[in-house]
Amino acid sequence: MKIHLYIISIFLTTGVFAQNLETISKQKPFAISGSLDIRGIGYSASGIQARRSPFMYVVSGSPTLSIYGVSIPLSFTYSEQERSFRQPFNQFGMSPTYKWATAHVGFRNISFSPYTLAGYTMFGAGVELNPKKFRFGFMAGRLNRATTVDTTTGTIQPITFSRFGYAAKIGYGTEESHFDLSYLKAKDSEQKFQGDINTSAVRPAENAVIGADLKLTFAKKFFVFADGGLSIYTRDYQSKLELDFDTYKILNTINKVIKLNGTSEYYLAYSGGVGFKEKNYSLKVAYKKVDPNFQSMGAYFFQSDLQNITISPTYNALKGKLRFLGSLGIQQDNTKKQKQATTKRVIAMGNISWDINSKFGIDANYTNFSSNSEPTVAKIQNKYLLAQTTKNLSISPRLIMANTKTTNVVLASYNLSNLVDINNDTKTINNINSSVALVNYNLTLNKMGLTLMPGVNYTLNKLSIGDISNIGFTAGASKGFIKNQLLLSTANSYIISTLPQGNSTILNLGVNASYQPTGKHRFSLRVNSLNNSPSDDAIGGQQKFSEQTGEIGYTFTF
């Protein structure tokens, strides 16, 4: 009986995707697919305390059940350290579709607008109807489950209320040109709340949000877009603090929709812009403003208290071989002048990709973010003001030469980034300069099925405490045998680290083997050795140690 109940609970907690009911008659009534994996792992260490058991085994699987086209993915793991049966999504939900109608049941992530219901996981039911250009949606259910102290494990979780709500959307148009209105109403519930509501620091809240989304495309090349949201958020709907409803008559109207009191606040967020798109170039100008502490119970996170304006051009030339993407903007916070300082940022980005010929190409990317804080209502010491510039430049040339005998691939990359503090009181400790360079070469002998992969990389970080550098050498190879049923490979690296605390070297050696006699059976072997050797003058408790790991496995695919 317990097994039967547990199997039923699996079906009630597993995620599935939207199903098209029009093709259900063509689906198999029942099907199962997936894989079973068995592994044994051996481990030993010297010079340090062992970081894992000397031997462990793991049996895992990922079967997927299909009932009339409805997929139910599962997974299980069994070992001497962990015995569990779990579902990768840990949720159940489905969205059957018939022509222009879609129903939602269970755990679903629906988006009506960035400010109302914006991909928040809701457990409930809903529908979306899109006949021709009409756009309608409705969803209702639970947004949060009440949490408290887990008495079985002693784990302390943040105490929250159960939260229920509904959202609706109505609009007209297509993805290219449309106008949508949406609405969200959500409220915390005292049911199943295990704390003392009268003394709890967490208070029951209520929220109502109205959102609008507009996009117009005309003359096939020009477009206008805009969206906005008004959120009324009551942090404690049980509060006895009162508002002056007589002075502000509009509050009486709002109070009929959502209960208002002295803890109620409203927030605005909106953005918009214009642009045009030609075959080989485009240009877009956008503006965005979000009030401080903007909140919506239908969205997980907002970057609030900001306003910015950006211009974003793109350009293609030489029949698409030369591509450019850029953006330049100005951003600042303290939109309501409530802070003692305002931070302004210059945001710049540029990316160029050039296929010089069929063999050689180069990619380059540049970003520049500048921030500067300015006092507004009070005198602030310079050491507390942010004034810095972050720059990043990367250049990556590539060379590919292929013929019937060999394939040669050379990839190189150089990345330079720095954070420059232009505040005289803090720049000596905050400046950071980083350089990363690497060159990788792949040589494949096509007839032999042999690939050689040497490489070298170098990293240098300049900090106030000193320089940290690493130079690494890599060497790898892979070879297939018996019509690639047997694959052998090796991956090795040697790193020389230079630190203020002392130098050290790290040697990592690895060998892998895989044999697949049929499409359903695969055997694997992995051996790895790690050796860390600090210099004699190293400080900070560094010690020499080595670790060896071996693994043998079998995978059955069905």
Distance-only polar pair, side chains of [X] and [Y], donor-acceptor under 3.5 Å:
| X | Y | value |
| --- | --- | --- |
| S304 | N293 | no |
| T314 | S282 | yes |
| N415 | S413 | no |
| N528 | T549 | no |
| R142 | S162 | no |
| Y494 | N492 | no |
| Q548 | Y43 | no |
| N109 | T121 | yes |
| Y515 | H521 | no |
| S46 | S546 | yes |

Atom pair [atom1]/[atom2] of [X] and [Y] - distance to nearest 0.5 Å:
| X | Y | atom1 | atom2 | result |
| --- | --- | --- | --- | --- |
| S529 | L509 | OG | CG | 5.5 Å |
| Y458 | N470 | OH | CG | 9.0 Å |
| N457 | N440 | CG | CG | 7.5 Å |
| T490 | L452 | OG1 | CG | 11.0 Å |
| Q332 | N308 | CD | CG | 10.0 Å |
| N484 | I482 | CG | CD1 | 10.0 Å |

Quiz prompt | Any donor-acceptor N/O pair, S489 side chain to A477 backbone, under 3.5 Å | solution = no
Quiz item: Is the backbone N or O of N503 less than 3.5 Å from a side-chain atom of S535, with the two atoms forming a donor-acceptor pair by type?
Solution: yes
Would you call [X] and [Y] a side-chain contact if the rule is heavy atoms closer than 4.5 Å?
| X | Y | value |
| --- | --- | --- |
| L530 | I506 | yes |
| F523 | S514 | no |
| L36 | V59 | yes |
| P397 | F360 | yes |
| L399 | K359 | yes |
| N532 | P534 | yes |
| E547 | I48 | yes |
| Y366 | K391 | yes |

Return the set of residues passing side-chain contact (heavy atoms from CB on, under 4.5 Å) with [X] (not counting sequence neighbours), or none when no residue passes.
| X | result |
| --- | --- |
| T406 | N403, N408, L443, L445 |
| S111 | none |
| T404 | none |

Only pairs at least two apart or in different chains count here, so list each salt bridge (Lys or Arg N to Asp or Glu O under 4.0 Å) that has a residue in [range].
| range | result |
| --- | --- |
| residues 506-527 | R526-E551 |
| residues 394-405 | D355-R398, D363-R398 |
| residues 435-464 | K462-D467 |

Which heavy-atom pair separates [X] from [Y] by the least distance, and what is that distance?
| X | Y | result |
| --- | --- | --- |
| L416 | S435 | CD1-OG, 3.5 Å |
| S79 | Y57 | CB-O, 2.8 Å |
| A437 | Y414 | CB-CD1, 3.9 Å |
| S95 | H104 | OG-ND1, 2.8 Å |
| S35 | T555 | CB-CG2, 4.5 Å |
| T474 | S493 | CG2-CB, 4.1 Å |

Does a sphere of radius 6.0 Å around [atom1] in [X] hold more than 12 heavy atoms from other residues, nucleotides or ligands, not counting ones at 6.0 Å or beyond?
| X | atom1 | value |
| --- | --- | --- |
| F545 | CZ | yes |
| L460 | CG | yes |
| K284 | NZ | no |

Exercise. Would you please test L322 and I352 for side-chain contact (heavy atoms from CB on, under 4.5 Å) and show each step?
Key: CA-CA 7 Å; L322 178 63; I352 296 177; 3.9 Å; yes
Self-check item: is_close_aromatic(Y120, Y300), centroid dist under 6.0 Å
Solution: yes
Quiz item: So, F324 versus Y281, ring centres under 6.0 angstrom or not?
Solution: no
Self-check item: Identified side-chain hydrogen bond (donor to acceptor under 3.5 Å, both in side chains) partner of T407 from the options T444, N442, N446
Solution: N446
Quiz item: Do L411 and V409 pass the side-chain contact (heavy atoms from CB on, under 4.5 Å) test, and can you show the C-alpha distance, the side-chain angles, and the key distance before you say yes or no?
Solution: CA-CA 7 Å; L411 298 176; V409 179; 4.0 Å; yes
Practice problem: Please test I471 against I495 for side-chain contact (heavy atoms from CB on, under 4.5 Å), starting from the C-alpha separation and ending with a verdict. | Solution: CA-CA 6 Å; I471 182 169; I495 301 175; over 6 Å; no
Exercise. Determine, step by step, whether Y78 and S60 satisfy the side-chain contact (heavy atoms from CB on, under 4.5 Å) criterion, reporting the C-alpha distance in whole Å, the side-chain angles of both residues, the deciding distance to 0.1 Å, and the verdict.
Key: CA-CA 6 Å; Y78 182 86; S60 61; over 6 Å; no
Practice problem: Show the numbers, then the answer: is there a side-chain hydrogen bond (donor to acceptor under 3.5 Å, both in side chains) between T367 and N392? | Solution: CA-CA 5 Å; T367 60; N392 184 283; 4.6 Å; no
